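The structure presented is a predicted model; accordingly, all values stated were derived computationally and were not measured.
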Amino acid sequence: MHIVCRRSALHLGRGSILAGVGKERGIHSSCPRRTVMPAWVIDKYGSNDVLRYNENVLFPIIHYPNEVIIKVHAASLNPIDVNMRSGYGAKSLKMSRDPLHIKTSGSEFPLILGRDVSGTIMECGLDVKYFKPGDQVWAAVPPWKQGTFAEFVVASVNEVSFKPKSLSHTEAASIPYVTLTAWAALVNSCGLSKEKCPGKRVLILGSSGGIGTSSIQLLKAWGAHVTAVCSGNAFTLMKDLGADDIIDYKVAPLEDQLKTRDQ
């Protein structure tokens, strides 16, 4: 709320004296800071029964100068979220959250799941120069941080990028984590890159899944020849994504079909 102190005058009869005459002075005050928000959380690891909707989750705050607060417009569900709900990686993630073993057991709860987000920057840390409040962004939040199934989420700037204008928030939220996973597999595990792909032939198993479809697009952009392995009902999708050759693994053993392909 913006309060403006207007000019005031003190009249002392004839030859009155004006007191407090000068420029308007802006005084800023605000309502009490918001302290809670709605989110989907778990209080322990287990089946779907542990997931609950909580309207009183503590509002996230910026702890480091390179962080931003994002208002979540859309988030997506990945297999890692289902696995984390069941306790997948709990010990290793606890080490990332608490490397000095200061916190007590179960301190990660209530835990907010969700890795993908598309939304609007609401607040920036002191060192954030590339983004500003109001920017439309997408991000992939690492699993040791509180997730995106909430009204707001905190992310480091290296986890955030501008959302493509051609995508809606719903579309954008389906892309970051799975595409980064595909990129990590191709680059870190397979040693592929834009410079190394031209002339290479790459075989993708399970090509109609999230990582498969992302991998096809990355590899084609890098100039590779892509052979996609999937079921027959995904052939149209594979062609649309640019796969050079498509194999239906249900027709015959994959090894036999590969022998008939050009070397």
| Hey, mind stepping through Val128 and Phe131 against side chain to side chain contact (heavy atoms under 4.5 Å, CB included) and telling me if it holds? | CA-CA 6 Å; Val128 176; Phe131 300 104; 4.1 Å; yes

| Side-chain (Thr179) to main-chain (Pro176) donor-acceptor, under 3.5 angstrom | no

| Is any side-chain heavy atom of Asp116 less than 4.5 Å from a side-chain heavy atom of Ile175? | no

| field | Lys196: partners by side chain to side chain contact (heavy atoms under 4.5 Å, CB included), with sequence neighbours left out | value | Ser193, Lys200

| said: Measuring only between side-chain heavy atoms, which start at C-beta, is Gln146 closer than 4.5 Å to Val153? | reply: no

| Counterpart residues, side chain to side chain contact (heavy atoms under 4.5 Å, CB included), relative to Asp256 (two or more places apart) | Pro253, Lys259

| task | Determine whether Ser207 and Ile216 make a side-chain contact, defined as any pair of heavy atoms from C-beta on separated by less than 4.5 Å. | result | yes

| field | Closest heavy-atom pair and its distance - Leu167, Glu171 | value | CA-OE1, 3.5 Å

| query | Of all residues at least two apart in sequence or in a different chain, which pass the side chain to side chain donor-acceptor pair (under 3.5 Å) check with Ser96? | reply | none

| query | Within a strict 4.5 Å, meaning less than it, do heavy atoms of the Leu218 and Trp183 side chains meet? | reply | yes

| task | Check whether any side-chain N or O of Ser189 sits under 3.5 Å from a backbone N or O of Leu186 as a donor-acceptor pair, and report yes or no. | result | no

| task | Would you please test Met37 and Leu58 for side chain to side chain contact (heavy atoms under 4.5 Å, CB included) and show each step? | result | CA-CA 6 Å; Met37 65 174 181; Leu58 288 178; over 6 Å; no

| Lys71/Glu151 ion pair, N-O < 4.0 Å | yes

| Under a 4.5 Å cut-off applied to non-hydrogen side-chain atoms, are Val160 and Tyr130 in contact? | no

| note | Residues pairing under ring-ring contact (aromatic ring centres under 6.0 Å, His included) where one sits in residues 190-212, two or more places apart or in two chains, turn out to be none

| said: Quick check: Tyr53 with Phe149 (ring centres under 6.0 Å apart)? | reply: no

| task | Kindly state each residue pair satisfying ring-ring contact (aromatic ring centres under 6.0 Å, His included) with at least one member in residues 70-104, sequence neighbours excluded. | result | His73-His169

| Side-chain ion pair, Lys145 and Glu159, N-O less than 4.0 Å | yes

| Is the backbone of Lys103 close enough, under 3.5 Å, to the side chain of Ser107 for a donor and an acceptor to pair up by distance? | no

Under 3.5 Å, which donor-acceptor pairs do the side chains of residues 225-239 form with other protein atoms, sequence neighbours left out?
residue: Ser231; atom: OG; partner: Asn233; partner atom: OD1; Å: 2.6

| query | Can you tell me if Ser92 uses its side chain to pair, donor with acceptor, with the backbone of Gly89 under 3.5 Å? | reply | yes

| message | Is there a side chain to side chain contact (heavy atoms under 4.5 Å, CB included) between Val137 and Ile70? Walk through the geometry before answering. | response | CA-CA 8 Å; Val137 297; Ile70 302 172; 4.0 Å; yes

| request: Could you tell me whether a side-chain N or O of Gln257 sits under 3.5 Å from a main-chain N or O of Ile247, the two making a donor and an acceptor? | output: no

| message | Just verifying a value: how many Å separate Lys163 NZ and Ile121 CD1, rounded to the nearest 0.5 Å? | response | 13.0 Å

| remark: Separation between CE (Met84) and CH2 (Trp144), nearest 0.5 Å, reads 10.5 Å

| field | Shortest non-hydrogen contact between Ala155 and Val141, atoms and distance | value | CB-CG2, 4.4 Å

| Do you know the tightest heavy-atom contact between Pro198 and Lys194? | CD-O, 3.2 Å

| field | N/O donor-acceptor pair under 3.5 Å between Asp81 side chain and Gly114 backbone | value | yes

| message | Evaluate Thr35 against Asn56 for side chain to side chain contact (heavy atoms under 4.5 Å, CB included), listing each step before the verdict. | response | CA-CA 8 Å; Thr35 57; Asn56 296 298; over 6 Å; no

| 4.5 Å side-chain heavy-atom contact, Arg52 and Trp40 | no

| query | For the atom pair CD1 (Ile62) and CD (Glu67), what is the distance rounded to the nearest 0.5 Å? | reply | 6.5 Å

| Sidechain-backbone polar pair: Lys220 side chain, Ala224 backbone, donor-acceptor under 3.5 Å | yes

| message | Looking at every non-hydrogen atom in both residues, tell me the closest pair between Ile69 and Pro60 and how far apart they are. | response | CD1-O, 3.6 Å

| message | Quick one, Val57 and Pro38 - any side-chain contact, counting heavy atoms below 4.5 Å? | response | no

| For the atom pair OG (Ser214) and CD1 (Ile204), what is the distance rounded to the nearest 0.5 Å? | 10.0 Å

| Does any N or O in the side chain of Ser118 come within less than 3.5 Å of the main-chain N or O of Trp138, such that one atom is a donor and the other an acceptor? | no

| request: Answer whether the closest heavy-atom distance between the side chains of Leu205 and Leu254 falls below 4.5 Å. | output: yes

| field | Electrostatic pair Arg201-Asp245, nearest N-O below 4.0 angstrom | value | no

